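Given the structure is predicted, the values throughout are model-derived calculations rather than measurements. Just the heavy atoms: all of them, side chains too, but no hydrogens, waters or symmetry mates, feed the values below.
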Amino acid sequence: TTLKNSKGVVTIQMDETLWFDKSASSARNNRNVNLSKLRNILEKIGSIELQHEHAYWYVTLGSKVFCDYKSAIDLIDRSRSKNNLPGQEIIQLIEIVSRGKLCPGLQIEWLDKFKADFADGVIAALSSLSRQRAEMFTDYHLLLRISECMLKFDSLNEYAIALKCAALHQLGKTGIAKRTYDLFYQEYQVVLGEEYPVSFNELLHSVQYQIKKHPTI
């Protein structure tokens, strides 16, 4: 919450989310005990502080503490504000988000909004970056990595599958591209209950910019 809205979470919201089935006094006791335990854990990790100010609970990270979620959010925000990112920061973003969805093993209702917003931000940023960086048009390996990251967050993303198949084709891996398309086609049919309306050849030419025709690698 601290990273999402820069303020943190108010006490009543915390109680209603985590101890909604408790009385006010019981929720307060549970909060005090759990926050005390959390502080002890954070002290062992490093320079991370759990603080309370102006009715908000929030976390502050020391300069030497690395948080992959925070780094990814910062890079996504910078890509929006600059409408671009330097090449090294694109690689950094890819390395973080290539790990896949946020907290995949946790199925908690209050966390769903965070997970969905993060997935949407990753897909939007990588999609935009892949379209804008002209020098990336012939960096098929990078385009392949971008498409694979997007598909980890949305396996039925049509732009991502088109980008992946086109990149594989340009790398001389047309057979793998066709198998990738076939798997996508099958999943599309199972999930949506209808056939994917775009053929493999049409998909190769459906990417919104034209990947330059260079010799395959």
Side-chain angles (χ1 to χ4, degrees), residues 68-69 71-104 112 115-217:
D68 53 359
Y69 175 69
S71 295
I73 292 296
D74 288 345
L75 289 166
I76 290 170
D77 288 343
R78 282 208 293 278
S79 74
R80 289 171 179 159
S81 61
K82 296 181 179 179
N83 209 28
N84 211 331
L85 279 179
Q88 186 55 43
E89 291 191 345
I90 294 176
I91 297 298
Q92 184 182 355
L93 177 60
I94 289 174
E95 289 177 346
I96 295 173
V97 302
S98 64
R99 301 166 192 170
K101 295 180 180 180
L102 184 68
C103 301
D112 289 345
K115 296 169 72 171
D117 287 348
F118 184 67
D120 290 345
V122 169
I123 291 171
L126 292 180
S127 176
S128 178
L129 289 168
S130 70
R131 288 179 167 98
Q132 292 168 0
R133 292 292 296 266
E135 62 268 35
M136 289 167 53
F137 287 6
T138 55
D139 190 344
Y140 308 126
H141 291 287
L142 182 57
L143 291 174
L144 182 59
R145 291 185 68 187
I146 286 175
S147 66
E148 289 174 339
C149 284
M150 293 172 65
L151 289 167
K152 285 185 178 181
F153 289 88
D154 179 7
S155 62
L156 294 181
N157 188 288
E158 296 182 43
Y159 172 74
I161 196 65
L163 186 64
K164 182 174 183 178
C165 289
L168 286 168
H169 175 68
Q170 289 299 319
L171 288 167
K173 300 178 180 180
T174 303
I176 297 177
K178 181 59 166 62
R179 287 194 293 275
T180 298
Y181 168 83
D182 290 341
L183 290 172
F184 175 85
Y185 185 97
Q186 293 169 14
E187 183 179 2
Y188 187 97
Q189 190 170 26
V190 169
V191 173
L192 300 181
E194 59 185 47
E195 294 185 353
Y196 185 53
V198 182
S199 70
F200 175 65
N201 288 331
E202 291 171 336
L203 191 73
L204 291 180
H205 298 90
S206 67
V207 183
Q208 292 189 16
Y209 59 74
Q210 291 294 314
I211 294 180
K212 295 180 181 179
K213 301 298 182 181
H214 281 242
T216 56
I217 300 173

| message | Is the terminal nitrogen or CZ of Arg179 (NZ for Lys, CZ for Arg) located under 6.0 angstrom from the six-membered ring centre of Phe184 and within 45° of that ring's axis? | response | no
| query | Of all heavy-atom pairs between Tyr140 and Ala167, which one has the smallest distance, and what is that distance? | reply | O-CB, 3.7 Å
| query | Just one of Thr174, Thr180, Asp182 clears the side chain to side chain donor-acceptor pair (under 3.5 Å) bar with Lys178, so which one? | reply | Asp182
| field | Gap between atom CG of Leu126 and atom CG of Asn157 - 0.5 Å precision | value | 10.0 Å
| To the nearest 0.5 Å, how far apart are CD1 in Ile176 and CG in Leu168? | 6.5 Å
| request: Could you pull out the closest heavy-atom pair between Ala160 and Met150, with the gap in Å? | output: CB-CB, 3.7 Å
| query | Any side-chain donor-acceptor pair under 3.5 Å between Tyr185 and Glu195? | reply | yes
| Is a donor on one side and an acceptor on the other found under 3.5 Å between the side chain of Lys164 and the backbone of Glu148? | no
| remark: Between the CG atom in Leu156 and the OH atom in Tyr188, the distance rounded to the nearest 0.5 Å is 8.0 Å
| query | Stepwise, does the side-chain contact (heavy atoms from CB on, under 4.5 Å) test hold for Ile91 with Arg145? | reply | CA-CA 9 Å; Ile91 297 298; Arg145 291 185 68 187; 4.3 Å; yes
| Sub-4.5 Å side-chain heavy-atom contact between Ile161 and Tyr181 | no
| query | Hey, does the side chain of Ser155 reach the backbone of Leu151 with a donor-acceptor pair shorter than 3.5 angstrom? | reply | no
| task | First locate atom CG of Leu204, then atom OG of Ser199, and finally report the distance between them rounded to the nearest 0.5 Å. | result | 8.5 Å
| task | Please report the closest heavy-atom contact between Ser127 and Ser130, naming both atoms and the distance. | result | O-OG, 2.8 Å
| said: Please determine whether a side-chain nitrogen of the Lys or Arg among Asp74 and Arg78 lies less than 4.0 Å from a carboxylate oxygen of the Asp or Glu. | reply: no
| Check: Ala125 main-chain N/O paired with Ser128 side-chain donor or acceptor under 3.5 Å | no
| request: Would you check if Leu183 and Glu187 make a side-chain contact, meaning some heavy-atom pair closer than 4.5 Å? | output: no
| said: Within this structure, what is the CD1-CG distance for the pair Ile146 and Leu142, rounded to the nearest 0.5 Å? | reply: 4.5 Å
| Hey, what's the ring geometry for Phe118 with Tyr69, parallel, tilted or perpendicular (30° and 60° as the breaks)? | tilted
Would you mind writing out the side-chain donor-acceptor pairs for residues 92-102 within the sub-3.5 Å range, not counting sequence neighbours?
| from | atom 1 | to | atom 2 | distance (Å) |
| --- | --- | --- | --- | --- |
| Ser98 | OG | Ile94 | O | 3.2 |
| Ser98 | OG | Glu95 | O | 3.0 |
| Arg99 | NH1 | Asp68 | OD2 | 3.0 |

| field | Interatomic spacing from CG in Asp120 to NZ in Lys115 - rounded to 0.5 Å | value | 13.5 Å
| Would a 4.5 Å heavy-atom cut-off, applied to side chains only, mark Arg131 and Tyr159 as touching? | yes
